[in-house]
Visitor: 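Attaching a single structure in structure tokens format; questions to follow.
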Amino acid sequence: MEARVQLSKHMFAFAETMSLRCAVELGLPDKIYEHGPLTLAELATKLPIESVNMDRFEQTMRYLVHINLFTTTTNHHEETKYELTPMSRLLLSKIHNNKSLATFVMVSTDPEELFVSGRLVESLGGSKSCWELQHGVTMSEKMMNDNEWSKLSDAINGYTLNMIDAVVDGIKRESIIDQSVTTLVDVGGNTGIAAKAILNAFPHLKCTVMDLLDVVENVPKDPQLTLVAGDFLSSIPNGDVLLLKSILHGYDDDVSVTILNNCKKAMHPTRGRLILVEMVLDMETMPEFSHARLGPAMQMMLMGGNERTKKGWERVIHMAGFARYKIVPIAAGESIIVIYP
């Protein structure tokens with residue numbers, strides 16, 4: 001019986017994704033936050049739907065309670081009311097939560113992305129990813145050509161805000177950054193959220209954020225940061241510390257080695273260090289994050305990316321000519337991989 005239960009759970013796992021996206025799309029966390037605990041009927045009046053099918057809505061809310069997105073209480077009138085949980089508070093809009101993961105959820109559960117999984121078997125027999133088989137272009141090409149970067153950028157920023165404290169804590173704990181280094185380059189750093197968090201912890205640093213011209217042109221000017229337009233596939237500005245957060249998981253080994261070689265040229269030859277923030281799939285520590293690693297790893301594979309194991313990271317690092325590195329577990333799905341000259 002246990003096997004059948006597990007099989008059923010996996011077969012219908014789409015229900016979690018579907019209902020989660022529905023909750024964010026309808027703005028349910030905001031509605032409950034703004035108006036307090038609400039009955040089903042009260043919540044229905046807040047929806048951007050002219051005529052709500054109450055049977056379907058009740059079924060949806062029942063499932064959202066089942067997955068702990070919301071909780072219920074009963075008042076003295078025996079009315080059931082829906083309330084927020086810690087998980088649904090993560091999905092409040094940026095008006096109410098500047099670390100909102102709502103956009104990240106919407107991007108990650110986009111039906112267009114989910115459809116590509118139907119090409120998994122075909123992708124196993126060739127060099128093209130599921131995404132490329134489905135759309136005829138790589139995901140990065142499509143995002144840039146469709147002017148969808150702003151939505152993706154917002155999603156990345158929300159995710160970064162939720163995990164960057166763990167990165168900073170790991171850097172402090174392992175003394176990866178100290179007074180001997182004075183400059184940091186955030187490579188592919190988007191709007192500089194990670195760089196600013198590190199700068200707040202190490203105010204003696206001078207920080208540069210490098211990204212593509214289209215990205216840099218839309219970043220608000222910040223006196224704490226120097227913005228540089230460039231392509232890390234070609235060259236990287238010089239710095240004592242180079243930070244690459246969630247960059248190499250988007251590339252195969254050969255391209256990753258090219259990027260690492262460019263980092264080597266930009267690093268200070270003695271006091272330099274390269275900080276990668278990436279998933280290490282077979283980390284024994286923090287087992288509670290195992291699903292948070294393996295699930296996104298499958299999604300990255302579908303999109304043409306490549307999350308790696310310890311051996312996978314060792315292979316790429318050594319291919320780039322680096323000898324010394326250390327993997328530092330942190331309270332996140334990712335780990336810090338610090339590489340020395």
Side-chain angles (χ1 to χ4, degrees), residues 14 17-18 20-21 24-25 101-160 186-191 209-219 228-236 244-263 276-279 281 293-308 312 316 319-320 333-334:
F14 73 91
T17 302
M18 175 183 64
L20 177 62
R21 181 178 177 84
V24 176
E25 190 170 349
L101 286 172
T103 305
F104 186 75
V105 166
M106 293 300 288
V107 168
S108 299
T109 62
D110 190 312
E112 191 172 30
E113 288 196 25
L114 299 177
F115 288 152
V116 305
S117 62
R119 310 296 289 266
L120 178 56
V121 171
E122 187 178 354
S123 75
L124 296 178
S127 60
K128 292 184 177 181
S129 68
C130 295
W131 180 276
E132 199 169 354
L133 289 168
Q134 182 76 10
H135 297 289
V137 295
T138 65
M139 186 178 179
S140 59
E141 289 170 340
K142 185 176 189 302
M143 294 304 295
M144 299 308 289
N145 291 340
D146 287 358
N147 295 316
E148 294 180 3
W149 172 253
S150 60
K151 183 171 66 174
L152 181 60
S153 175
D154 190 34
I156 292 171
N157 285 343
Y159 184 78
T160 300
D186 188 355
V187 181
N190 197 15
T191 62
V209 176
M210 174 201 177
D211 216 311
L212 296 173
L213 179 61
D214 290 345
V215 177
V216 170
E217 284 182 334
N218 293 295
V219 177
V228 174
D231 183 352
F232 50 67
L233 293 174
S234 300
S235 65
I236 293 171
L244 278 75
K245 188 189 76 64
S246 303
I247 299 293
L248 298 188
H249 74 163
Y251 298 95
D252 63 22
D253 285 0
D254 289 339
V255 178
S256 294
V257 169
T258 297
I259 297 169
L260 289 174
N261 279 329
N262 289 336
C263 290
L276 307 181
V277 181
E278 296 280 0
M279 291 188 184
L281 295 181
R293 297 185 187 109
L294 297 177
M298 286 297 295
Q299 188 178 40
M300 280 303 300
M301 182 186 71
L302 298 177
M303 303 306 143
N306 183 21
E307 304 288 5
R308 296 174 171 89
V316 169
M319 284 171 64
E334 294 82 0

Visitor: Hey, what do you get for OG (S127) to CG (D252), rounding to the nearest 0.5 Å?
Guide: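 So the OG of S127 and the CG of D252 are separated by 10.5 Å.
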Visitor: Do V216 and V228 make a side-chain contact, defined as non-hydrogen atoms from C-beta onward lying under 4.5 Å apart?
Guide: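 No, their side chains stay 4.5 Å or more apart.
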Visitor: To the nearest 0.5 Å, what is the distance between OG1 (T17) and CG (D110)?
Guide: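 The OG1 atom of T17 sits 12.5 Å away from the CG atom of D110.
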Visitor: Would you mind reporting whether S256 and R308 have side-chain heavy atoms less than 4.5 Å apart?
Guide: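 Yes, their side chains come closer than 4.5 Å.
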Visitor: Could you tell me if the side chain of D253 sits less than 4.5 Å from the side chain of N306, heavy atoms only?
Guide: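 Side chain of N306 against side chain of D253, heavy atoms only: contact under 4.5 Å found.
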Visitor: Quick one: OG on S123 to CD on Q134, what's the gap to the nearest 0.5 Å?
Guide: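 The OG atom of S123 sits 11.5 Å away from the CD atom of Q134.
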Visitor: Between I247 and F232, what is the shortest heavy-atom contact and its length?
Guide: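 Distance-wise, the nearest heavy atoms are CG2-CZ, 3.7 Å.
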Visitor: Measure across L260 and A320 and return the closest heavy-atom pair with its distance rounded to 0.1 Å.
Guide: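 Heavy-atom minimum between the residues: CB-CB, 3.6 Å.
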Visitor: How about E334 and E278: do any of their side-chain heavy atoms sit closer than 4.5 Å?
Guide: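 SC-SC contact between E334 and E278 ruled out.
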Visitor: Once you round to the nearest 0.5 Å, how far does OG1 of T191 lie from CG of N157?
Guide: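 Rounded to the nearest 0.5 Å, the OG1-CG separation comes to 3.5 Å.
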Visitor: Would you say V209 and V219 make side-chain contact, with heavy atoms under 4.5 Å?
Guide: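 No; the side chains remain at least 4.5 Å from each other.
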Visitor: To the nearest 0.5 Å, how far apart are CZ in F14 and CZ in R21?
Guide: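 Answer for the CZ-CZ pair, F14 versus R21, is 15.5 Å.
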Visitor: Which atom pair, heavy atoms only, marks the closest approach of M301 to L120?
Guide: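 So the two residues come closest at CE-CD1, 3.5 Å.
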Visitor: Apply side chain to side chain contact (heavy atoms under 4.5 Å, CB included) to residues V107 and D154 and explain how you reach the verdict.
Guide: CA-CA 10 Å; V107 168; D154 190 34; over 6 Å; no
Visitor: When rounded to the nearest 0.5 angstrom, what is the spacing between OG in S108 and CG in L20?
Guide: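 Output value for this atom pair is 9.5 Å.
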Visitor: Would a distance-only check, ignoring hydrogens and angles, find a side-chain to backbone donor-acceptor pair under 3.5 Å from E122 to L133?
Guide: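 Checked: no pair found.
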Visitor: Do you know the tightest heavy-atom contact between L302 and S117?
Guide: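 Result for this residue pair: CD1-CB, 3.9 Å.
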Visitor: Test side chain to side chain contact (heavy atoms under 4.5 Å, CB included) on V116 and M303; report intermediate values, then the result.
Guide: CA-CA 8 Å; V116 305; M303 303 306 143; 3.7 Å; yes
Visitor: Is any side-chain heavy atom of M319 closer than 4.5 Å to one of D254?
Guide: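 Side-chain contact under 4.5 Å: yes.
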Visitor: Mind listing the closest non-hydrogen atom pair of G188 and D211 along with its distance?
Guide: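 Of all heavy-atom pairs spanning G188 and D211, the closest is C-OD2, 3.3 Å.
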Visitor: I'd like to check V215 versus S153 (side-chain heavy atoms, cut-off strictly below 4.5 Å). Are they in contact?
Guide: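 Not in contact.
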Visitor: Could you tell me which non-hydrogen atom of T258 sits nearest to which non-hydrogen atom of L233, and how far apart they are?
Guide: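 Minimum heavy-atom contact is CG2-O, 3.9 Å.
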Visitor: Between K245 and N190, is there a side-chain heavy-atom distance shorter than 4.5 Å?
Guide: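 No, their side chains stay 4.5 Å or more apart.
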